[in-house]
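Values below: every heavy atom of this structure, side chains too, minus hydrogens, waters and symmetry copies. Within every chain, numbering begins at 1; the chains are lettered A, B, ... in the order of the sequence lines, protein sequences first and strands thereafter.
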Protein chains: 2
Amino acid sequence: MKVLLVFAHPEPRSLTGALRDVAVRELEAQGHGVRVSDLYADGWKSTVDRADFPSLAPDARLKVPAASRADFETGTLTDDVRVEHEKLLWADALILQFPLWWFTMPAILKGWVDRVFAYGFAYGVGEHSDRRWGDRYGEGTFAGKRAMLIVTAGGWQPHYAARGVNGPIDDLLFPINHGILYYPGYDVLPPFVVYSADRLDEAGFEPVAERLRERMRTLATTLPIPYRRQNGGDYLIPSGELRPGLEGADASGFALHLDGAVKIRNPL
Amino acid sequence: MKVLLVFAHPEPRSLTGALRDVAVRELEAQGHGVRVSDLYADGWKSTVDRADFPSLAPDARLKVPAASRADFETGTLTDDVRVEHEKLLWADALILQFPLWWFTMPAILKGWVDRVFAYGFAYGVGEHSDRRWGDRYGEGTFAGKRAMLIVTAGGWQPHYAARGVNGPIDDLLFPINHGILYYPGYDVLPPFVVYSADRLDEAGFEPVAERLRERMRTLATTLPIPYRRQNGGDYLIPSGELRPGLEGADASGFALHLDGAVKIRNPL
């Protein structure tokens, strides 16, 4: 397999940095090809602005989807974005690795998504009509590829449990796993999450590292989160609402979008 | 009231920009004091890095919470961050206004949160022990103040409905409303959301503007989302898990953290 790891931590000597090295070494030991986008090291530009759209007339009103579509179609998006496109098309698997800041990714990684996931590339793909609302949620540019998150959280695991005060980790990560990764077609694997990351000492590191190595060894075989396909029959089109009766007896909120017939969610 | 509006759109001539002007004018007409942080116009720095922590020794490993705490305590965080602190302490109400990009805020606004919400200011406040896990979720620096989101979404409303394929809007915004705003103590009002924002024409604008004016007129009186207080007795401490039996019959996921005895959620 070919793997792209996008890394978003400002300190290479961090736990997040140490775990990146563990992941990359294990993937290479398994014979995978690995490339890393180190956003801080590369000085990644985080903010979407006019400079992202070279074809936009200087006095034209910036409409981001239209501008993104125009420059994507003519191959004139900025070089840094086009390099990331090439890496994403090269890779069979995408790993996003980041510390959980305010219950989601750091700004620099959000800026990678905002700028790289262009119209015509990651959204606005396929037919949009009354019969079909695009190739998304299980279809799209990255269909057949896999993605997963490696997340380090400062908080304590029980606070992220099913009844924990922060909210369940799977729900907190749903806007990323379902909304950013599944949307353009990735099969999304259960996330690898380390809790109490600031308190992990040397003795605690090795078991975590071994757990991560195991996830890297099974990257090609781990069952993905069973999100429902938009165009697979479970949703009414065009309203996008789940057909009545499909959900499990206790499902509501984000859990509606999991196929209850598939039981495996998080193996660890 | 004094109101701080944080605005995060790269195009002042956008719908988001027009709605900002509507909100500011109505607030001023009501006699409120208004200040605006226009992140794009101000060239806001989005990424947390070493330059944010002037006291950090050049060869020291950057641990973000510790570095944030140290420079906050000595009043040596960067000028741009300290200006935002002063505005936040000045304001009785905080409004975050942004286009929904990939189901959350744009990177520049996430970077405002990542940098401004310092340790000792927005988190790491109060006693942390086996008896108490800090002043957060209903307590903290911003207790007694109000906050709300003004969001423009390109997508279609049914896709964000209770059974919609994107996930329910209240759940998608939970990591922001609960995790970013309620966490440091704000009472969080139901969000103002405009759907199909890219398709709104002039005829469609005025009803939306009037709906927003009404929300601005009722900013001081709208009932907040009834999130449960961490230290109000509903959660076990220190595990942070909701006590058994408190949830409504049909609640799971994020909905567990709403007080079912309070029925009002979104008035619009």
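Only the side chain of A:Ala161 comes within less than 4.5 Å of a heavy atom of chain B; its backbone N, CA, C and O stay farther away. Contacts between A:Ala8 and chain B at a heavy-atom distance below 4.5 Å are absent for every atom of the residue. Looking at A:His159, both its backbone and its side chain come within 4.5 Å of chain B, counting heavy atoms on both sides. Contact of A:Phe117 with chain B is made through backbone and side chain together, with heavy-atom distances under 4.5 Å. Of the two parts of B:Arg115, neither the backbone nor the side chain holds a non-hydrogen atom closer than 4.5 Å to a non-hydrogen atom of chain A.
Ring planes of A:Tyr123 and B:Trp102: perpendicular class, angle over 60° (limits at 30 and 60°).
Options A:Tyr182, A:Trp133, A:Tyr160 differ in how many heavy-atom pairs under 4.5 Å they form with chain B, and the most are formed by A:Trp133. In terms of heavy-atom pairs under 4.5 Å with chain A, the best-connected choice from B:Leu39, B:Leu172, B:Val165 is B:Val165. Between chain B and the residues A:Pro158, A:Pro12, A:Pro244, the largest count of heavy-atom pairs under 4.5 Å involves A:Pro158. Interface summary for chain A: among B:Pro168, B:Pro99, B:Gly164, B:Pro10, the most heavy-atom pairs under 4.5 angstrom belong to B:Gly164.
Inspection of non-hydrogen atoms places B:Thr104, B:Met105, B:Pro106, B:Ala107, B:Ile108, B:Lys110, B:Gly111 of residues 104-112 of chain B under 4.5 Å from chain A. Interface with chain B: from residues 230-239 of chain A, residues A:Gln230, A:Tyr235, A:Pro238, A:Ser239 qualify, criterion being any non-hydrogen pair under 4.5 Å. Among residues 43-59 of chain B, the residues having any heavy atom closer than 4.5 Å to a heavy atom of chain A are, in sequence order, B:Ser46, B:Thr47, B:Val48, B:Asp49, B:Arg50, B:Asp59.
Using a distance-only test at 3.5 Å, with no hydrogens or angles considered, a donor-acceptor pair links the side chain of B:Arg13 to the main chain of A:Ala60. The backbone N or O of B:Arg61 lies less than 3.5 Å from no partner atom in the side chain of A:Glu11, so there is not a single donor-acceptor pair.
Residues A:Asn166 and B:Tyr137 have side chains that bring a donor and an acceptor to within less than 3.5 angstrom of each other.
With a 4.5 Å cut-off on side-chain heavy atoms, A:Phe103 and B:Phe174 do not count as touching.
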Please output the side-chain donor-acceptor pairs of residues 63-70 of chain A that fall under 3.5 Å, not counting sequence neighbours, one pair per line with the distance.
unit_1	atom_1	unit_2	atom_2	d
A:Ser68	OG	A:Tyr119	N	2.9
A:Arg69	NE	A:Glu73	OE2	3.4
A:Arg69	NH1	A:Tyr119	OH	3.4

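Between A:Phe254 and B:Phe254, a ring centre-to-centre spacing shorter than 6.0 Å is recorded.
Distance check: B:Ile180 CD1 to A:Trp101 CH2 gives 13.0 Å after rounding to the nearest 0.5 Å.
A:Gly245 and B:Arg163 make their closest contact through N-NH2, 4.0 Å (heavy atoms, listed as atom of the first residue, atom of the second, distance). Taking each heavy atom of B:Ala162 and A:Leu256 in turn, the nearest pair found is O-CD1, 3.5 Å.
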